[in-house]
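To start, the structure itself, in structure tokens.
Naming convention: chains lettered A, B, ... in sequence-line order (proteins, then strands); numbering from 1 in each chain.
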Amino acid sequence: MEKDKAPDRIDRVDARAKVTGTASYAADHKIQNTVYGLLVGSTVAKGRIKSIDTKAAEKASGVLAVLTYFNTPKLPGYTTGKDPSKPPTGGQPLRFFATNEIFYYDQAIALVVADTYERVLHAAKLVKAQYEKATHKTSLEDNLATAKVPTGPRQEDYTRGEADSYKNAPVKIEQEYYHPVEVHNPMELGSIVAFWEGAEKVTVYTKTQGVQATQKSISDAFKLPLGNVTVHARHIGGAFGMGLRTWPYEIAAVMAAKKVGKPLKLVLHREQMFTNVGYRPATKQKIGLGATADGKLIGLTHEATGNTSAYEEFTEATVNISRFMYACPNVTTRYRLVPLNVCTPIWMRGPGEATGAFALESAMDELAHALKLDPVEFRVRNHADSDPEKNLPWSSKYLKECYEMGAERIGWKNRKLQPRTNQDGDWLVGYGMGAGSFGAMRWVASVKGILQPEGKLRLQCSVNDMGPGTATMMTAVAADIMGLPPGRIIIEMGSTGLPPGPMQGGSNVTATVGSAVHDVCFAMKEQIAALASKAGSVFSKANSQQLKAEDLLFSENGLSLKSDTSVRLSYSEFFKQNGLPAVEVTKESKGTEQPYSSYSFSVHFVKLRVHPATGRIKIDHVVSCADAGTIVSPKTSESQMIGGAVGGIGMALMEDMVIDQRFGRPINNNLADYHVPVNADIPTVDVLFVNKKDPIIGPMGSKGLGEIALVGVAPAIANAVFNATGKRLRELPITRDKLLEV
Amino acid sequence: MINFDYVRVSTIKAAVDAIVKDNNSLWLAGGTNLVDLMKKGVMTPQKLVDINNLPLKEIKKEGNKLIIGALALNSTVADNELVRKEQPLLALAVQAGASAQLRNMATVGGNMMQRTRCPYFYNTDMPCNKREPGTGCGALKGFNRMHAIFTDTEKCIAVHPSDMSVGLVALDATVLLSGPRGDRRIPFQNFHRLPGNLPQKDNTLERGELIVAVEIPENKLNKHVHYLKVRDRTSYAFALVSAAVAVDLEGSTIKDIRLALGGVAHKPWRLTEVENFLKGKAATEVNYKQAAALAIRGAKGFGLNNFKLKLAPNTLVEALKTATGKS
Ligand SMILES: Cc1cc2nc3c(=O)[nH]c(=O)nc-3n(C[C@H](O)[C@H](O)[C@H](O)COP(=O)(O)OP(=O)(O)OC[C@H]3O[C@@H](n4cnc5c(N)ncnc54)[C@H](O)[C@@H]3O)c2cc1C
């Protein structure tokens, strides 16, 4: 395909299905005789279940079963002590009904099954439990003293050069930053439909970001051969990371379906989305940053303490960004965990990096201010020309271009170096920026392509599309190579049984699956060229040489010879002559270990205004720039970036799961009280891509985009608030009360 | 959700009779508040009496009074020509509430009757004197960021969440009721109440009394109005503090004025004393600031809501400035 060139702006291929309601999400799958399951949660945050009274629920009309610790045998996979649902890092995953221990508020203590949704709703309210309560811990800040080194990954402190050398720098800052728990809250609730055929075969429709991973979890838990577990997740109504593991509720639903011998549907309540399926952990961070008087970084220390659950260890790369983002000879990072009585966290968009970048990019702004330097200029002076952590060249890096085009578009020259000097009536105006990065990954994917006689190409891969536009990206890559209009390409995805693809996580999918589509299409062209070269074909008659793919023109009308386009055949004629129903190619494609360091980069610019008398804040303009290699699907890529900016605005100004520490439970676990931005909060978001090929990562040169869309947005806003008001806010979210009379 | 019966009535009498007969029944209007509370188990009526067929949707002028039927939709009220022309403050206040979708369902009567959004009221496993008298106030030492700064008791520091009611209390509205003992009128100011010893009681309505309409007297307060609602996001959020302002200006002298605050008390908070202070004075920021200082007298924070002690007067000043073009 033409490199460094944007193909046509393909519309999201499943947009029509989504807006007209024909796209089926997990809970939409209707199977005859489906029964309904509902989880009942613990009302205490720590302790033991003494007893559960299920009599009234069992007697209620339509009730088929009530599963609890007291009546549910452990699954075969639970006895091995091995972990059936692949916890993020260490510890023992929670298995509903396998223990009477309560680790967190709203942990499921029962699963009620009834013949209708209304009846299960009613019956679930009748389940009553007695607890032996224990003292819970739910506050990160109150329990920082109990922070411990992770036992699994990320336990090592990192030092490059001299430890904590920022302390000796001529100009330095040392500050603490905090953000509370943020919840993914995709529109689609966690949902699963499970049905068994006999005792050995089960099919589920569920909200997962990886059907193969879910298949493995279920097969491990129930000790079934992998092939006996079928998992479908074609459409997902957003996930942002919450679908990156198999949650206990999914296993419990499969258990319950088996017990009642009927197809079972279980949809979480919105409240349960806050308590049972992960979140971005609360994190306290400390940054020490020192530079020479002319703004060259000398030392950087980044410490972070995040929360995990009381039963598992979840770690993320919070401090890693500080190791490679800037050229700095002396870097120290330390990472700790505080176990709390809450559900285990899970990766949430820009996991680790978004948290770390909030601290690092705020601190960079603070130091730039101390140095009386423009924050962009300060970053340019400390640009890392190669990866200082791995000591490797970058596979590609166009961060400086991002700074430049973003500054131009936002009107950075209008920013005042001195904060609180730009006023518009009673409003204080400020500009801010923050940069982001995320590893550019390419994993393994297999894709099968089937070119059909009517000139339609079917592409199959088990990867799914949780909203970023994976199907559209696959279509764009194939359409470009095969000379087919997007409408001629059919994507079959999101099911086990299809050629295996990766998880939808870590922004890997375009590089991973896109490359496989690329390879399949090229192999298909070669295969067709070989067929066209066979004796007797019109092409070989017109061209005595062995034909190569580039000698042929591929279009929706079929094949023609490049050197003489009057020599042509439709695919149906061509296939008939070759006695083939279709041309099929399957390819596995993966990245290889290379002596390069691969990252995507982003820079976000924000212009906003603050009304100090009332604490109101209005974001006027966001410009998000990305170096993500070749942009193969510009329209869905822009949507990704806009979504990231919106998420970042939520992170900066609103998102906060409030826990009443006295009770150990969230008190704003609904979408009226847990705020995410509404349209009226979102200004124009301009998206600018460098759109230059990464020569290393894969054939198209595309790096990931989904995470960097968000990483760096929140600090850009906090920095703009400082520029507007002169007040530095180091705790998110920046709510109205914090801006009052600043 | 509990099982419940559902009936639909089409006359006021039938509506009142149905409720009086059955102690555990409630009227259903738009359902946007009641159904949520039922889902959460906070309210557990055994019977719902749907009143949407009652002929109470009309908005009309009668003599020098604007009469708005209790079943008029919030969106209809906000868009209504008469309302916008004669009582624009009300239109602004209604418009500031909830979201377009909710306003399309919500009724005037239901809006006045909506219950507090205090999280302790909403969560049945938490203490709340309003939901379950005697269990204590969860908010007092808890998450009370949204809570009252004017209260007559520490038994309940919840606020009334309605924006529309802040407009109505400012405009000297009257509530028209029909009940088992006949019809009754209550000045809007006396409709909602402070919690006192009965935090479970939001208002002075008696069992079986149906809100039929609200009535607003004509005034000259329709030229300089503003409803300023400060909230945690630009739309679709309850007020941290809101201020309703309507001014009759003669030159730059305040001839007449109506002021009320939302988000500060168990009821929409009319500021009669402050109005009297400003009447006859010049429309200046200096005067507004003095008025705001007066408005906040007697207020008290409970921790997380201390910021309202500044936000409330500042919001009032801003609203006054905007209404009178002094910003
Ligand atoms: C997410 C969300 C956000 C919201 N944000 C705001 C906001 O920002 N500002 C705001 O002001 N409001 C807000 N609301 C509340 C909304 O305004 C109310 O839910 C609505 O006005 C209630 O009207 P309804 O007709 O649906 O009442 P219903 O839910 O039908 O009834 C509420 C109560 O009133 C009683 N009732 C109804 N009609 C009568 C009558 N004629 N006489 C006597 N009793 C009656 C019912 O029995 C019931 O107890 C929000 C609501 C939600 C869900």
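Panel note: side chain A:Arg665, backbone B:Met126; no donor-acceptor pair is recorded below 3.5 Å.
Chosen from B:Thr315, B:Asp125, B:Val317, B:Leu240, the residue pairing most often with chain A at heavy-atom distances under 4.5 Å is B:Asp125. Among the candidates B:Ala98, B:Ser99, B:Pro313, B:Gly142, the residue making the largest number of heavy-atom pairs closer than 4.5 Å to chain A is B:Gly142. The candidate from B:Tyr236, B:Tyr122, B:Tyr120, B:Phe238 with the greatest count of non-hydrogen atom pairs under 4.5 Å with chain A is B:Tyr120. Interface check for chain B: of the options A:His269, A:His675, A:Lys738, the most heavy-atom pairs under 4.5 Å are formed by A:His675.
Under the 4.0 Å criterion applied to side-chain N and carboxylate O atoms, B:Lys40 and A:Glu271 are assigned as salt-bridge partners.
Heavy atoms closer than 4.5 Å to chain B are found nowhere in A:Gln661, neither backbone nor side chain. Only the backbone of A:Leu671 comes within contact range of chain B, with at least one heavy atom under 4.5 Å from a heavy atom of that chain. Only the side chain of A:Lys618 has a heavy atom closer than 4.5 Å to any heavy atom of chain B. Proximity to chain B (any heavy atom under 4.5 Å) is restricted, for A:His611, to the side chain, taken from C-beta onward. Within the 4.5 angstrom heavy-atom criterion, only side-chain atoms of B:Leu228, from C-beta onward, approach chain A.
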inquiry  = As a quick check of understanding, evaluate side-chain contact (heavy atoms from CB on, under 4.5 Å) for A:Asp426 and B:Lys321, giving each step before the final call.
reply    = CA-CA 11 Å; A:Asp426 291 343; B:Lys321 281 164 67 180; 3.1 Å; yes
inquiry  = Between A:Thr735 and B:Arg145, does the side-chain contact (heavy atoms from CB on, under 4.5 Å) criterion hold? Intermediate values first, please.
reply    = CA-CA 11 Å; A:Thr735 44; B:Arg145 184 169 175 273; 3.5 Å; yes
message = If you apply the rule side-chain contact (heavy atoms from CB on, under 4.5 Å), what do you find for B:Val230 with A:Arg616, and how did you get there?
response = CA-CA 7 Å; B:Val230 179; A:Arg616 281 173 296 165; 4.2 Å; yes
ask   = Stepwise, does the side-chain contact (heavy atoms from CB on, under 4.5 Å) test hold for B:Arg231 with A:Arg736?
value = CA-CA 7 Å; B:Arg231 44 187 149 175; A:Arg736 294 350 187 207; 5.9 Å; no
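Considering all non-hydrogen atoms of both residues, B:Arg233 and A:Asp681 come closest at CB-OD2, 3.3 Å. Considering every non-hydrogen atom in both A:Ala672 and B:Arg117, the closest pair reads CB-NH2, 4.4 Å. Of all the heavy atoms in A:Ala613 and B:Glu318, the pair that sits closest is CB-OE2, 3.9 Å.
Screening A:Ile667, A:Asn670, A:Asp660, A:Val658 for a side-chain contact (heavy atoms from CB on, under 4.5 Å) with B:Pro119, the sole residue that qualifies is A:Ile667.
In this structure the side chain of B:Leu311 never reaches within 4.5 angstrom of the side chain of A:Glu741, judged on heavy atoms. Contact of the B:Lys308 side chain with the A:Asp737 side chain is not registered, since no non-hydrogen atoms from C-beta on lie closer than 4.5 Å.
Remark: B:Asp232 CG to A:Leu653 CG distance equals 10.0 Å, nearest 0.5 Å. In this structure, A:Ile619 CD1 and B:Thr234 OG1 are separated by 9.0 Å, a value rounded to the nearest 0.5 Å.
No donor-acceptor contact under 3.5 angstrom links the side chains of B:Asn3 and A:Glu118, judged on distance only.
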